[in-house]
Structure formats: structure tokens, C-alpha cells
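Computed from a predicted model, the values in this text were never measured in an experiment. Reminder, nothing fancy here: chain letters follow the sequence lines and each chain counts from 1.
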Number of protein chains: 2
Amino acid sequence: MTLDGPGTRSRATLTSLAAELGLHVSTVSRALSGDPGRVSATTVESVRRLAEQRGYRSNLTARALRTGRSSVVGMLVPRLTDEVLATVYEGVDLASMEADYVTLVANTLDDADLREQRVDLLLGRQVDGVILADSLLGSNAADRLDKAGVPYVLALRCLPTGLNVGTDDLLGGRLAAEHLLSLGHRRIGVIAGEDRASTGVERARGFLDACAEAGIAIPEHAVVPCRFSVTEGARAAAVLLDAAPDVTAIFAASDNVALGAVGTLRERGLSVPDDVSLVGYNNLPMAASMPVPLTSVDSRLVEVGRGAMAALLDLLDGGRPSSLRLAPELVVRASTAPPRA
Amino acid sequence: MTLDGPGTRSRATLTSLAAELGLHVSTVSRALSGDPGRVSATTVESVRRLAEQRGYRSNLTARALRTGRSSVVGMLVPRLTDEVLATVYEGVDLASMEADYVTLVANTLDDADLREQRVDLLLGRQVDGVILADSLLGSNAADRLDKAGVPYVLALRCLPTGLNVGTDDLLGGRLAAEHLLSLGHRRIGVIAGEDRASTGVERARGFLDACAEAGIAIPEHAVVPCRFSVTEGARAAAVLLDAAPDVTAIFAASDNVALGAVGTLRERGLSVPDDVSLVGYNNLPMAASMPVPLTSVDSRLVEVGRGAMAALLDLLDGGRPSSLRLAPELVVRASTAPPRA
DNA sequence: CTGAAAGCGCTTACAG
DNA sequence: CTGAAAGCGCTTACAG
């Protein structure tokens with residue numbers, strides 16, 4: 001480990017390569033950028049070889065300053081400790097890497113002030129575009145980005161306007177409802193998720209709509225909003241069971257929330273699925289490995305991330321990408337069964 | 001949402017402010033950087049006001065090119081979808097923000113080639129330093145960083161040499177052992193965690209050492225290594241129970257692994273803690289909200305992240321920070337009880 | 001096919 | 001206290 005500051009060992013630059021080869025820096029630049037037909041094959045060859053030997057790596061900072069493109073995109077998430085968001089990020093990151101971009105991610109904790117601050121930070125870093133995975137309903141996407149003319153894409157959490165890449169959560173909620181209804185459940189509770197996020201709202205609405213169409217009314221007191229965390233899931237489940245103790249099934253708008261709910265059910269001596277069936281959402285890896293493997297709606301989070309980045313890259317290339325809603329899929333496991341006779 | 005490319009609306013620059021004020025760009029730079037006593041108070045005042053009005057934001061790319069300091073640090077993690085690493089990152093990010101740095105994070109998936117590639121990427125981005133939270137025992141920290149003279153700090157996962165910031169995992173393992181021994185357990189299994197990472201190895205060794213000192217021998221077949229995930233935890237628990245079906249307690253080197261183990265125990269009709277007591281590690285929020293609240297060793301992950309960044313910043317300022325081992329703490333919950341009589 | 005020049009936006013010795 | 005100049009490392013029209 002070194003204690004010297006950065007740049008102690010002088011790195012190779014275009015200029016140093018040029019000097020060593022007796023060429024002009026501009027020629028070396030062209031040779032390396034692979035402008036085909038604009039520079040002789042032999043020159044390209046010798047430049048490439050020396051660059052390799054000297055361990056030359058283009059200074060992306062300088063390039064960014066010169067071209068006005070940083071090859072950096074920003075990404076806003078509520079928090080990265082939420083595996084759901086970390087998974088979307090993973091998709092974004094994969095697509096970034098393939099396109100020689102890099103993604104600067106920032107937590108906003110569902111806090112409006114912090115969010116503004118983070119956007120400012122990203123803009124100061126000259127990001128070419130931004131992926132917003134933390135949108136709250138009723139707010140605009142991001143004033144500052146609009147003002148700065150920096151393109152952005154909404155991911156996962158959607159808004160009525162703007163370029164959106166997410167899962168069809170209305171359909172996802174519907175799939176969960178159809179599954180429980182087909183098993184014979186009639187008294188069902190819903191832990192609806194974050195009520196300021198499209199994900200929470202639409203999953204619940206899709207579920208409730210499907211129930212209503214089947215002639216099953218879910219009373220209001222059996223629908224409890226809840227932030228997306230294990231702890232909040234446990235709390236919301238308690239509220240739900242107090243208000244509607246006779247439910248035979250619960251739809252939770254996320255796997256973490258479902259995990260919290262399992263704890264509360266157990267505390268009350270209710271077992272899954274014998275007493276209460278449980279459906280989660282997102283189909284995180286843990287769903288399959290939970291104490292009782294969890295039936296869950298797969299929301300294709302990595303693809304959401306990849307898709308959002310692809311749309312942003314298209315935008316940056318002057319394209320006109322359209323919004324995308326991926327189709328979710330129900331994965332049935334042991335946590336759901338017919339209600340007790 | 002705009003479809004224009006970046007930079008469409010021309011942003012205020014030092015030059016544009018200077019022109020508007022009839023000052024030289026260097027004066028404006030000094031006024032804004034707050035060089036005290038080097039520029040008149042009235043000038044500072046007028047420059048500040050205009051900068052505010054025009055929404056001036058310093059171009060950090062240009063500054064980086066000029067000063068040779070990017071105010072960007074890199075961070076390597078095995079994967080960010082692991083809540084443990086995401087939590088360490090959160091600490092790093094908080095400390096970064098306070099110091100006007102930004103952290104570029106990259107997944108390396110415990111894969112050596114991908115890691116080299118990621119380091120190259122970070123170096124190309126002119127990072128001032130790097131936090132390595134993905135070290136594997138037996139490998140060096142990072143050749144490329146040494147060669148490039150870029151300072152780095154090891155976080156969470158430690159190596160025998162280099163600047164390390166982590167938890168005292170030997171002690172953590174010991175705390176878990178003392179707890180189970182004091183409850184009266186004598187036949188104990190260990191799911192030892194990733195055997196290429198210091199965290200996995202030291203937690204297990206601390207545990208085994210404490211048992212040995214108490215005169216309790218844990219046979220080799222009751223110690224199963226395991227990657228840090230729910231899925232792997234479930235698998236390892238099965239291996240363990242096949243090899244040592246008579247255990248009355250299990251120490252799992254992470255909470256995720258413990259969660260996986262709960263599933264396996266349940267499958268086999270064993271209940272926690274009546275048949276088998278279970279101790280996890282890290283004390284993630286979910287530990288408290290698991291179906292059976294999990295006894296766990298708190299590894300102070302946010303502090304590890306903060307400490308690692310503080311050490312790196314010290315290094316970048318020419319300081320000589322020393323390694324840091326934080327003291328873990330046992331948090332007792334419902335998953336541990338005396339063995340059945 | 002290669003060279004020479006300009007310039008991205010900033011900071012920092014050097015003058016005055 | 002302010003100005004003028006140089007330069008970080010690159011790219012890209014413009015010549016030749």
C-alpha cells in the first residue's frame with residue numbers, strides 16, 4: 001500500500017507517447033481512437049504497441065472537458081440497502097459497463113431536500129443523464145434536471161408523464177389476486193406498500209380491481225399502506241390483523257414486507273399457509289429461501305435497470321425511445337394454499 | 001423531460017461571470033474559492049451574488065483536470081445486492097458527501113478478472129483513492145493500484161498487510177460462542193461463511209477458539225463453509241444437519257445465511273429455538289423482524305464504511321492513519337435458548 | 001495521411 | 001487587491 005499522493009508515478013499521456021514516437025499528439029489521438037482510413041496502418045500499429053507497453057489509459061476527465069460528454073450517468077434511488085433498488089442498479093450498471101459509461105448512484109431516502117441536493121451534486125459532476133428510481137407521485141420528476149437540460153429516465157417507480165421504464169404493476173397486482181381467488185380465498189388483506197410510489201399504489205390497485213371484478217370486495221380497513229422494509233412490514237401486518245382478524249390471505253406489495261408479515265403472523269400463532277396464505281412481490285432470491293418459500297410476483301428488476309439505461313443511452317444519442325412496461329410473472333411457492341375448510 | 005443533448009442551455013462559467021462583472025476570471029475564481037484576505041470583501045460580495053443569480057456551479061471536471069484531484073473515490077464490493085455491503089457503502093457515501101467527495105462503486109462478484117477490469121475502469125476515471133471491500137485472502141490487495149500509486153484502504157474484509165478498517169471478527173465469533181456455551185449448548189454447528197474472506201474465516205475461528213478454550217470440541221464435519229447468501233445458507237445448513245444431526249445450536253456467519261438456515265431447519269421439522277438455537281452475524285435490520293427474531297452479532301457496518309472513508313481521506317491529505325478494528329456487540333433475541341432438557 | 005492550433009473551464013504562481 | 005498567462009490532457013476542424 002502506498003502513502004504517496006496520486007500521480008506520483010507520472011502516467012503515460014498522449015503527449016508523452018507522441019514525443020517518444022516522434023509524432024504529433026493529434027496523430028496519436030487519431031490512431032488510438034481508431035478513425036479508420038484517416039491514419040496509416042503502420043502508424044496505428046506502432047502507436048498501439050507503445051500505448052500497450054506504457055500502460056496508457058485515456059484521461060477521461062480531459063476527454064470529458066474537451067467533448068462536453070462525461071460518459072457518466074447519475075442514478076437516484078431511495079436507498080441502496082433495499083435489495084430491490086440494488087438489483088435495479090445492478091442492471092443499470094451492467095448496461096453502463098457495456099457502453100463504457102459509469103454510473104454514479106446516490107441515496108435520497110425519499111426526502112425531497114436531500115434529493116435536490118443530490119441532483120445538484122450530480123450536475124456539478126457533469127453527468128450526461130440521470131436515471132430516477134425514486135420518484136414520488138404528485139411531485140415532478142426533477143425541476144433542476146429540466147432546467148439544466150439534462151435528459152433523464154424514470155425507472156421502476158413511474159410517473160404519469162416522462163419516459164418510464166418499469167414493470168406493469170397493475171398487472172402484477174392482478175396476477176396475485178387471481179391466484180388467491182382461484183385458491184378460494186374471499187377474505188383477503190392487502191399490505192399496499194409505499195403510498196407515494198407508483199409501485200405501491202399500482203400493485204394494490206391492480207389487486208383490488210381484480211377482486212372487485214370477481215365480485216369480492218376488500219374493505220378499506222383491510223388495506224394498509226406501508227413503507228418497503230421488513231420492519232414496516234411487520235408493523236403493517238399487525239395493524240391489518242387488528243383491523244381484519246379473519247383474513248385467510250394477505251397480499252404484500254414487496255418480499256421484504258412479506259417477510260416482516262411472517263414474523264407478525266407467527267407472533268400471533270398463525271402459520272403460513274395453513275392459517276394465512278401470503279403473496280409477496282419482486283421475487284428476490286430470498287423469496288425462494290424463506291422459512292416458508294414465498295409465492296411472489298417477479299418484477300424483472302435487472303431488466304428494468306438494463307432497460308432504463310438503454311433508453312437513456314438512446315436519448316443521449318439523439319434517439320426517441322418510448323416508455324416500457326415489462327410484464328411481471330407470478331411464481332407460486334409454498335406460502336399459498338386453499339383456505340382452511 | 002427534455003430531448004435535447006446536455007449543455008443545450010449554456011451554463012454559467014467563471015468566464016461568463018467575469019465578463020458580466022468586468023473582472024478577470026482569476027479574480028472571480030478567488031472570490032468564489034473564499035481565499036480570505038486575498039480579495040476585497042465588496043468584490044467577493046458582488047461575485048457571490050451574481051453566481052447565485054446565474055445558478056453557477058463549478059465544473060468539477062475542469063477543476064479535476066487542472067488540480068489533478070478528482071474528488072472521486074472508487075469502491076469495490078463483491079455485490080451491492082448484498083445488504084451487508086450496501087450498508088458499508090452507505091457509511092462510505094455519508095462520509096464522502098460530508099467531504100465533498102463522491103463514491104463510484106463497482107461490483108466484482110468475487111471474480112479476479114472482473115476485479116482487475118473494474119480497477120482499470122476506476123483508474124481511467126482518475127479516482128483519487130479506492131476503498132476495497134471485496135478482498136480475498138491469499139491475494140494481494142490490488143497490483144494495479146500499487147503500480148498506479150493510488151492510495152487505498154481495505155474495508156470490512158481485511159488482509160494481513162495494508163491499512164484495514166473492519167470489525168474485530170475474532171471477538172465477534174467469540175461473543176457468539178460464549179453466549180451459546182453459557183446457555184448450556186455443547187453440540188454446536190458452524191456455518192462458517194465465505195472461506196476466502198477474512199470475515200468468514202475469523203468469525204468461525206473466534207467461535208471455535210472460544211469453544212476449545214471452554215473444553216468443547218467442535219468436530220470438523222460440523223463446520224461448513226458457505227458463500228454469504230440466503231440460498232447458500234439454506235444449502236449449507238442441509239449439509240451441516242446431514243453431517244451432525246444432533247446439534248442443539250448453530251452459529252451462522254451472517255444474517256442472510258441464518259435466514260437460509262431457518263428454512264432448512266423448518267423443512268426438517270426442527271423449530272428455532274426449541275430444537276435448535278441460532279445465532280447470526282451483522283445484525284441487519286431484518287434480524288429483529290425475522291419470523292423468529294434473530295440473536296446476532298452487530299458488526300457496525302455503517303461505522304466501518306465511515307471509518308474506511310475517513311482513513312482514505314486522511315491518506316489523501318498526506319496523513320498516516322492507522323488500521324481500525326471496531327468492537328462488535330452481541331444482540332440477544334428469541335432465536336437462542338437453553339437446549340432442550 | 002500528418003501537423004499545428006485552438007480551446008473545453010478551471011487554478012495558481014507571477015507580476016504589478 | 002486584481003490581472004495576464006500558462007497549462008492540466010484531450011479532440012477536432014483546418015491546412016497542407
Do the side-chain N and O atoms of B:R79 and B:T81 include a donor-acceptor pair separated by under 3.5 angstrom?
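On atom types as modelled, these side chains qualify, holding a pair under 3.5 Å.
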What I want to check is whether the side chains of B:R63 and B:S58 have a donor and an acceptor closer together than 3.5 Å.
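Side-chain D/A pair, B:R63 to B:S58: present.
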Without decimals, in angstroms, what is the distance between [X] [atom1] and [N] [atom2]?
| X | N | atom1 | atom2 | value |
| --- | --- | --- | --- | --- |
| B:L14 | C:dC8 | CG | P | 13 Å |
| B:R30 | C:dC14 | CZ | P | 13 Å |
| B:Q126 | D:dG9 | CD | C1' | 9 Å |
| B:H24 | C:dT11 | NE2 | C1' | 11 Å |
| B:N59 | C:dG7 | CG | P | 18 Å |
| A:L65 | D:dG7 | CG | C1' | 12 Å |
| B:L32 | C:dT11 | CG | P | 8 Å |
| B:L17 | C:dC10 | CG | C1' | 12 Å |

If you define the side chain from C-beta out and look only at heavy atoms, does anything of A:L123 sit under 4.5 Å from A:L145?
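Touching, per the 4.5 Å side-chain cut-off.
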Relative to the 5' end of DNA chain D, which residue comes earlier, A:A62 or B:A41, by the nucleotide with the nearest heavy atom?
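Closest to the 5' end, via its nearest nucleotide, is B:A41.
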Just checking [X]: base, sugar-phosphate only, or nothing, at a heavy-atom cut-off of under 4.0 Å?
| X | result |
| --- | --- |
| B:S26 | base |
| A:L23 | sugar-phosphate |
| B:T13 | sugar-phosphate |

Return no unless some side-chain N or O of [X] is found under 4.0 Å from OP1 or OP2 of [N].
| X | N | value |
| --- | --- | --- |
| A:S29 | D:dC10 | no |
| A:Y56 | D:dG9 | no |
| A:S40 | C:dT2 | yes |
| A:T15 | D:dG9 | no |
| A:T27 | C:dG3 | yes |
| B:T43 | D:dT2 | yes |

B:D113 side chain to B:D111 backbone, donor-acceptor under 3.5 Å
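Absent.
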Has A:D128 got a side-chain atom pairing as donor or acceptor with A:V73's backbone, closer than 3.5 angstrom?
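Absent.
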Using a strict 4.0 Å threshold on nitrogen-to-oxygen distance, state whether A:E194 and A:R157 make a salt bridge.
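A:R157 and A:E194: not salt-bridged.
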Do the side chains of B:E45 and B:R49 get close enough for a salt bridge, i.e. N-O under 4.0 angstrom?
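Looking at B:E45 and B:R49, the cut-off is met.
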Map every base of DNA chain D to its dot-bracket character, where paired means a Watson-Crick or G-U wobble contact with both distances under 3.5 Å and | marks a partner outside the strand.
|||.||||||||.|||
Donor-acceptor pair under 3.5 Å: do we get one between A:R66's side chain and the base of C:dG9?
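Checked by distance alone, the answer is no.
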Quick one: which of A:R196, A:R118, A:R115 gives a salt bridge (Lys or Arg N to Asp or Glu O under 4.0 Å) with A:D134?
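Going through the options one by one, the only one that passes is A:R115.
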